[in-house]
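Just the heavy atoms: all of them, side chains too, but no hydrogens, waters or symmetry mates, feed the values below.
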Amino acid sequence: AWHDANTNPRVTLGRAQDGPSLVLSDANNTPRAALHLVEDGAGLTLFDPQARPRAQINTNASGPRMALSDINGNARAAVGVTSDGPVLVL
């Protein structure tokens with residue numbers, strides 16, 4: 001991990017369940033962004049100040065996808081592309 005002047009970890013490189021991850025944290029040690037790799041793709045998750053995932057961009061064998069979630073973690077909008085064509089969920 002890389003730390004700031006106050007010894008708070010700000011960048012952490014590690015291994016999640018399915019592969020490597022890179023997590024960026026704010027000065028309160030709250031995760032704000034995570035980049036992760038899995039066997040068939042990669043993803044980026046952006047978190048709000050309470051560490052709730054709010055935006056995700058992923059790509060895998062099925063195709064790319066972007067999703068936005070509300071404060072309770074419910075998916076509110078998603079767009080993606082599959083082998084069958086584009087997908088839009090509101």
At their closest point, which heavy atom of [X] faces which heavy atom of [Y], and how far apart are they?
X	Y	result
F47	A34	CE1-CB, 3.9 Å
N72	D70	N-OD1, 2.9 Å
I57	M66	CG1-CG, 4.0 Å

Are V23 and W2 connected in the hydrophobic side-chain network, where two residues link if heavy atoms are under 4.5 Å apart? no
Side chains of [X] and [Y]: does their closest heavy-atom pair fall under 4.5 Å?
X	Y	answer
R76	L68	no
R52	I71	yes
N29	P9	yes
H36	T45	yes
P86	L88	no
N58	N60	no

Looking at Q50, I'd like to know if its CD atom is crowded, meaning that more than 12 non-hydrogen atoms belonging to other residues, nucleotides or ligands lie closer than 6.0 Å. yes
Whether the side chain of N6 engages the backbone of N8 through a donor-acceptor N/O pair (distance < 3.5 Å, no angle test) should be reported. no
Polar side-chain atom of R32 near backbone of S25 as donor-acceptor pair, under 3.5 Å: no
